[in-house]
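One structure is given here, and the rest of the page talks about it.
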Protein chains: 2
Amino acid sequence: MISKRPTMMDVATRVGVSRQLVGLAFRNEAGVSSSTRERIFEAASELGYSPDIAARSLRRRSSNYIGVLFNPAHSSADDIVEALYAAAHERGYNLILGALTATRDERDAITELLGFRTESVILISPETPVNELRKLAKRLPVVSIGRPLPQGVCSAVRSDGQRGIAAAVDHLVELGHRDIAYVLTRSLPEFAARHQGYVTAMDRHGLPSRVREIGGDFTEESGAGAAESFLAEPVMPTAVVCSNDHAAMGLINRLLRAGLRVPEDVSVTGYDDSRIARLSFVDLTSVRQDPAEMSTAAVEAAVQMMSDQDSTPQERMIVPTLVIRGSTGQPRSEAQLHPR
Amino acid sequence: MISKRPTMMDVATRVGVSRQLVGLAFRNEAGVSSSTRERIFEAASELGYSPDIAARSLRRRSSNYIGVLFNPAHSSADDIVEALYAAAHERGYNLILGALTATRDERDAITELLGFRTESVILISPETPVNELRKLAKRLPVVSIGRPLPQGVCSAVRSDGQRGIAAAVDHLVELGHRDIAYVLTRSLPEFAARHQGYVTAMDRHGLPSRVREIGGDFTEESGAGAAESFLAEPVMPTAVVCSNDHAAMGLINRLLRAGLRVPEDVSVTGYDDSRIARLSFVDLTSVRQDPAEMSTAAVEAAVQMMSDQDSTPQERMIVPTLVIRGSTGQPRSEAQLHPR
DNA sequence: ACGAAAAACTGGCACGTGCTAGTCTTGAGG
DNA sequence: CCTCAAGACTAGCACGTGCCAGTTTTTCGT
């Protein structure tokens, strides 16, 4: 084990040039003869040298880094992070990740990102109070992904929950459904828009709303609970629109155990198009918020605010699309009583 | 938007003390009166100051950070990352994440981590060639998680694939199964140990091996392919041991579509106990490699090598456990012909 | 009330790099 | 052979912080 990591100086002495020249070479700047450049990189590779990002950004007074807050436990975060990397890289920025875990809350993670002197931060589904976000946004460009926020707090990218749910309802109506229920998860940041989307769409089709509110957690248990309550009623709706994939999963599972078939007896839609929905096992019709599109929009907003100091926060609304899979189909011939 | 981030000096001037005293306060060191300490933190909060990690680790010549290479697309990486945070934090270290994406290969990600002057790196299922790993391990402590490596390359934490598969086989034998097939995925780093585990366990029970090798990808498609090939044979095994959860999922799905029931007609086991396996929808009996245990072992190995410069690479083998769920049960009464 | 020790606080240098402002070398035009 | 410009290279300061070695103030025992 080598006790000390090599520095630019070590490379320079080895080649027999000044430290500055090594610097020029590593920054790909002109003024270094190609033969020297080659020798420098060779020596660097032999010594195992790589530039110290800390010292570099310290001197530059700009890190070229965008901080990203994400929750690995959240099913759609991975896709977004992946897309963020691509989008940031295209625009010449790097990413530094701040993960949310059981031992690290949002405040800790954000403080750490600030410590790295990231030039802006992108927060994926943040739960930080609005006034704190506002305060943070005074210090550096902040972009929130997926959370509806009051105008002007910070830049925000989100998908149109109202339109997404409406697309699901439209799809079901087109298939011939008329008794379409909605499973509402109040703990979801987007819950209001999605709920609104359901009510408005049903209204537009002249159909009565049938809403079932379920517990706060994202687990399938809550979806199963909704299934129970439908089973306890005289008539099972022919279709159920769920406000998230996990609830849809739980609901379907419970329905299957009760001897109902999906989609023959009941059609079900989810929201998020998470990996779970895509499993062939599940094959869930779901509303997709394109991660690439959201990420690109987020990075664009961040870059815009970083380059133009006094540009105002932007709001970008992404139009979600319905991915039709095997969990939706034509309604059962007549609205029969519950078969149990 | 403020043009410049505040520094220690700004806080100091505001409070009317020296910069050094602010430093003492932020490092929680003695020698600062509690009243002054309070005023310092208040001023810092007003200015939105947080210490510059870059400058700090530059001066300290040690970053207190452990680099973690992970692939967000890999199903079990999230759990491990989460557990790594906890384990590292307990021992006074922080983590900096290097994600693997479509636009960033392992070499890029590792180089970046080195740039941050992490004191060691933990690589989750790395695919870097052995000689490069060896070279890297000469520069700083390296811990690999989940990949079998030749002795002495770097510290390694992995679970005993042989024992894991053996546990699955034993469980099935105990249930009464005798015709137990194995689905082998050669692309898996652990494939040899797991395969060995199957053969040895079957041998021990005096049962003949029945192995089916499937395509390289981790997708369910490959598992479905294995199901196809079993269906094409005169006798369907009463149980199938799969070398990963995804293959098991695909297999089950294909079997169900062919009208077979799981576990009534065929029992199936997976490997990894990934989130998918835990879904109530799937309820897959699977071999679990405890993320917390693996993470703790990895951090311990890293810490050990960081504090004792010339300690040799360690190897830690974690004993996996079988999580019994609903996809395994007693074998069908007699080994009937394929029912199609 | 005095001295000494402890507590509270400060000065200055160093960490590894980027940038500005140079100096030295090379080669071409006259 | 001289001049001059372009290319190749270097000197020195600055970035924000930690640590060592001080200096000033407070506390306490006698």
Side-chain angles (χ1 to χ4, degrees), chain A residues 2-41 43-44 47-65 111-112 114-119 139, chain B residues 2-41 43-44 47-65 94 111-112 114-119:
Chain A
I2 291 159
S3 54
K4 228 169 62 81
R5 302 276 273 272
T7 76
M8 242 177 209
M9 194 59 210
D10 298 324
V11 178
T13 359
R14 180 161 182 128
V15 179
V17 295
S18 71
R19 179 186 63 74
Q20 289 77 0
L21 197 62
V22 178
L24 288 180
F26 266 92
R27 271 172 282 146
N28 266 323
E29 290 191 21
V32 188
S33 71
S34 56
S35 70
T36 309
R37 192 180 292 267
E38 202 166 307
R39 279 164 53 221
I40 287 175
F41 284 128
L47 291 173
Y49 168 79
S50 61
D52 187 321
I53 297 179
R56 167 175 289 182
S57 66
L58 176 61
R59 176 55 235 227
R60 272 211 201 127
R61 317 197 42 133
S62 82
S63 61
N64 209 35
Y65 271 84
T111 304
E112 188 186 38
L114 291 180
F116 279 112
R117 293 298 182 265
T118 57
E119 296 182 47
R139 306 201 196 299
Chain B
I2 290 159
S3 54
K4 230 170 61 81
R5 305 276 273 271
T7 76
M8 243 177 207
M9 195 58 210
D10 297 325
V11 178
T13 5
R14 180 161 182 129
V15 178
V17 296
S18 69
R19 178 187 63 74
Q20 288 77 359
L21 198 62
V22 179
L24 289 180
F26 268 92
R27 272 171 283 144
N28 264 324
E29 290 191 22
V32 188
S33 71
S34 55
S35 71
T36 308
R37 192 179 292 267
E38 203 165 306
R39 278 163 55 219
I40 287 176
F41 284 129
L47 291 173
Y49 168 80
S50 62
D52 187 321
I53 297 178
R56 167 176 289 182
S57 66
L58 177 61
R59 176 57 237 233
R60 273 212 202 124
R61 317 197 43 137
S62 83
S63 61
N64 209 36
Y65 271 85
N94 292 312
T111 304
E112 186 186 37
L114 291 180
F116 279 112
R117 293 297 182 265
T118 57
E119 297 182 47

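Values below: all heavy atoms of this structure, side chains included; hydrogens, waters and symmetry mates excluded. Each chain gets a letter, A, B and so on, in the order its sequence line appears, and its residues count up from 1.
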query = Given Val22(A), which of Thr7(A), Val15(A), Ile40(A) fulfils the side-chain contact (heavy atoms from CB on, under 4.5 Å) condition?
reply = Ile40(A)
ask   = Has the side chain of Thr36(B) got a donor or acceptor atom that lies under 3.5 Å from a matching backbone atom of Val32(B)?
value = no
ask   = Distance-only, no hydrogens or angles: does the Arg60(A) side chain make a donor-acceptor pair with backbone N or O of Arg56(A) under 3.5 Å?
value = no
Annotated protein contacts, base or backbone, on nucleotides 15-24 of chain C with a non-hydrogen cut-off under 4.0 Å, one of B, S, - each = BBBBB-----
ask   = So, do Val11(A) and Leu47(A) sit near enough that their side-chain heavy atoms are less than 4.5 Å apart?
value = yes
query = Do any N or O atoms from the side chain of Arg61(A) and from the backbone of Leu58(A) form a donor-acceptor pair under 3.5 angstrom?
reply = no
task = Ignoring backbone atoms, test whether Thr36(B) places a side-chain nitrogen or oxygen under 4.0 Å from the OP1 or OP2 oxygen of dC9(C).
result = yes
